[in-house]
Amino acid sequence: MTLETLQKKKILVTGGAGFIGSHLCERLLADGADVLCVDNFFTGQKTNVAHLLGNPNFEIQRHDVTFPLYVEVDEIYNLACPASPVHYQHDPVQTTKTSVHGAINMLGLAKRVGAKIFQASTSEVYGDPNVHPQPEEYWGNVNPIGFRSCYDEGKRCAETLFFDYHRQHGTKIKVARIFNTYGPNMHPNDGRVVSNFIVQALMGTDITIYGDGQQTRSFCFVSDLVEGFVRLMGTGDEVTGPINLGNPGEFTMIELAQAVIRLTGSRSQLVHKPLPSDDPRQRKPDIAKAQSILGWEPRVQLEQGLTATIAYFDKVLSNSGIARR
Ligand code: NAD
Ligand code: UDP
Ligand code: UDP
């Protein structure tokens, strides 16, 4: 073993074969780390990380984080959890277990080896927010017994566990609250709005607007988000978060659909479908903390990010031989 190998930072990424996780693995390898990607492939794809397999500093392990994991690492990014409402509601009990048991196991691991641990929390901790935009101090408006609760309450409980491990055991924690993020490596059947609209536009099928389409979201491009992750992990032990990471540009779903139609040149029509229960009316991050503590703000505007994401889906659909437009 060379001295260089011994000095490399060993980083565990749970959920590393997923949409965001795969970009994070790529970034950490480029920064010179030794990366262990752990994933149960529930929503992740091997194709997202296939190009990294030849890299001697990359390793992948099939594992479910609801079971204990014994490895030796310096840092942990805990991303394992389905993020699309369609997928996290498919097996809601498993979703809560993934957030809660997964957090306990990864925190137990961090405690044993003295690793810094990052939690991919979510803007869903604010629920259907009555405060707009949402600052970190806002405690949220979450239904504890609805269809989204397995995700929202699971993530809230994970935050509780992170802060209790920090207070009780001195574990070094970094909690990021991620707002809607999109980009290449999303699964074509992911079910979230950006991938749905782009795939529908490219295939020339109807674009499905849930409800009246006046609800808003703020969309962050994945490269901006990953930069925020790395900056947060790089802060001193006094910085724990929670810290919002997202793009404050706010759009209605109708505006998003119109942008996708314009950028694809599609002839798809907008059709309205029922609004899922507890669907938040509005969402926009207050990123003052990320700006002042991390010196971070998003750089990629919606149109630019959508163009890159459209090119990705165009390729995926072409390769799968699906007829388009
Ligand atoms: P994704 O579904 O593409 O990735 C999640 C990954 O976790 C997948 O590879 C999946 O197979 C894996 N996974 C799920 N359950 C697991 C388990 N029990 N054990 C091991 N692996 C498991 O979603 P994403 O958008 O990449 O989200 C990554 C993380 O970021 C999630 O924790 C999500 O809650 C959080 N987040 C994402 C967004 C967003 O807009 N993309 C917003 C807020 C929070
Ligand atoms: N754990 C793990 N990997 C480790 C250390 C712990 O997966 O390297 C799991 C372990 O199975 C335990 C959980 O993390 O259930 C919490 O660990 P902790 O030490 O906090 O609590 P305890 O072992 O007392 O339950
Ligand atoms: N949505 C939509 N059409 C779709 C998928 C989603 O209009 O095909 C809406 C959804 O009702 C929500 C918003 O788009 O208001 C964002 O949904 P997504 O599932 O991407 O993420 P959420 O922020 O709700 O977790």
Side-chain angles (χ1 to χ4, degrees), residues 14-24 37-45 48-49 62-73 77-88 94-95 97-99 101-113 115 119-125 148 151-152 154-155 158 161 165 168-169 171 176-183 185-187 190-197 199-200 207-220 222 225 229 245-246 252-254 256-257 270 272-276 278-283:
T14 76
F19 156 52
I20 299 173
S22 56
H23 290 275
L24 179 63
C37 165
V38 160
D39 205 296
N40 71 349
F41 298 107
F42 174 45
T43 53
Q45 308 179 78
N48 282 346
V49 286
R62 179 188 281 272
H63 176 80
D64 184 322
V65 294
T66 62
F67 295 97
L69 177 69
Y70 287 83
V71 292
E72 311 308 311
V73 289
Y77 286 86
N78 187 37
L79 274 62
C81 186
S84 163
V86 180
H87 293 132
Y88 71 63
Q94 173 66 12
T95 299
K97 283 184 186 170
T98 292
S99 277
H101 293 183
I104 292 172
N105 287 329
M106 292 309 107
L107 285 161
L109 169 60
K111 183 181 111 186
R112 180 178 64 78
V113 301
Q119 169 66 357
S121 191
T122 169
S123 54
E124 293 285 336
V125 301
R148 296 176 83 98
Y151 184 76
D152 300 9
K155 290 283 189 179
L161 285 161
Y165 267 77
Q168 204 172 322
H169 301 301
T171 309
R177 290 184 179 155
I178 304 163
F179 284 64
N180 297 61
T181 299
Y182 69 100
N185 295 6
M186 292 186 94
H187 196 285
D190 180 275
R192 281 176 280 185
V193 70
V194 174
S195 45
N196 272 9
F197 285 4
V199 170
Q200 289 161 347
I207 293 196
T208 52
I209 307 278
Y210 299 164
D212 62 9
Q214 293 306 316
Q215 68 272 36
T216 67
R217 294 292 187 274
S218 301
F219 298 104
C220 186
V222 65
L225 187 79
F229 282 17
L245 293 178
T252 66
M253 296 311 103
I254 296 277
L256 176 69
L270 306 193
H272 290 266
K273 300 267 181 183
L275 188 69
D278 298 332
D279 199 284
R281 284 300 302 165
Q282 53 182 2
R283 191 183 284 155

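For ligands, and for the atoms within them, numbers begin at 1 and follow the listed sequence.
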Distances under 3.5 Å, N/O of ligand 2 against N/O of the protein: list each pair and its distance.
from: ligand 2; atom 1: 3 (N); to: Leu69; atom 2: O; distance (Å): 2.7
from: ligand 2; atom 1: 7 (O); to: Leu69; atom 2: N; distance (Å): 2.8
from: ligand 2; atom 1: 7 (O); to: Leu69; atom 2: O; distance (Å): 3.4
from: ligand 2; atom 1: 8 (O); to: Arg112; atom 2: NE; distance (Å): 2.6
from: ligand 2; atom 1: 8 (O); to: Arg112; atom 2: NH2; distance (Å): 3.1
from: ligand 2; atom 1: 14 (O); to: Ile104; atom 2: O; distance (Å): 3.4
from: ligand 2; atom 1: 19 (O); to: Lys111; atom 2: NZ; distance (Å): 2.9
from: ligand 2; atom 1: 20 (O); to: Lys111; atom 2: NZ; distance (Å): 3.3
from: ligand 2; atom 1: 20 (O); to: Tyr165; atom 2: OH; distance (Å): 2.5

SB check Lys155 Glu124 (cutoff 4.0 Å): no
Asn180 contact mode with ligand 3 (heavy-atom cut-off under 4.0 Å): side chain
Atom 38 (C) of ligand 1 [closest protein heavy-atom partner, distance rounded to 0.1 Å]: Ile178 CG2, 3.9 Å
Polar proximity ligand 3 side, Asp279 side, N/O cut 3.5 Å exclusive: yes
N or O pair under 3.5 Å between Gln45 and ligand 1: no
Region of Arg192 that comes within reach of ligand 3 [heavy atoms, distance under 4.0 Å]: both
Min heavy-atom dist Thr14 to ligand 1 below 4.0 Å: no
Heavy atom of the protein closest to atom 12 (C) of ligand 1 (residue, atom name, distance): Asp39 OD1, 3.4 Å
Heteroatom proximity flag, Tyr210 to ligand 3, N/O under 3.5 Å: yes
Ligand 3 versus His272: contacting region, heavy-atom distance under 4.0 Å: neither
Under-4.0 Å heavy-atom contact with ligand 3, by part of Glu124 that carries it: side chain
Contact check, Pro85 vs ligand 3, heavy-atom distance below 4.0 Å: yes
Any N/O pair Val194/ligand 3 closer than 3.5 Å: no
Closest protein heavy atom to atom 29 (C) of ligand 1, given as residue, atom name and distance to 0.1 Å: Leu79 O, 3.3 Å
Per-atom contacts, ligand 3 versus Ile209 - under 4.0 Å to a heavy atom: 7 (O)
Atoms of ligand 1 close to Ala17 [distance to a heavy atom under 4.0 angstrom, numbered from 1]: 9 (O)
Identity and distance of the protein heavy atom lying nearest atom 26 (O) of ligand 1: Ile20 N, 2.8 Å
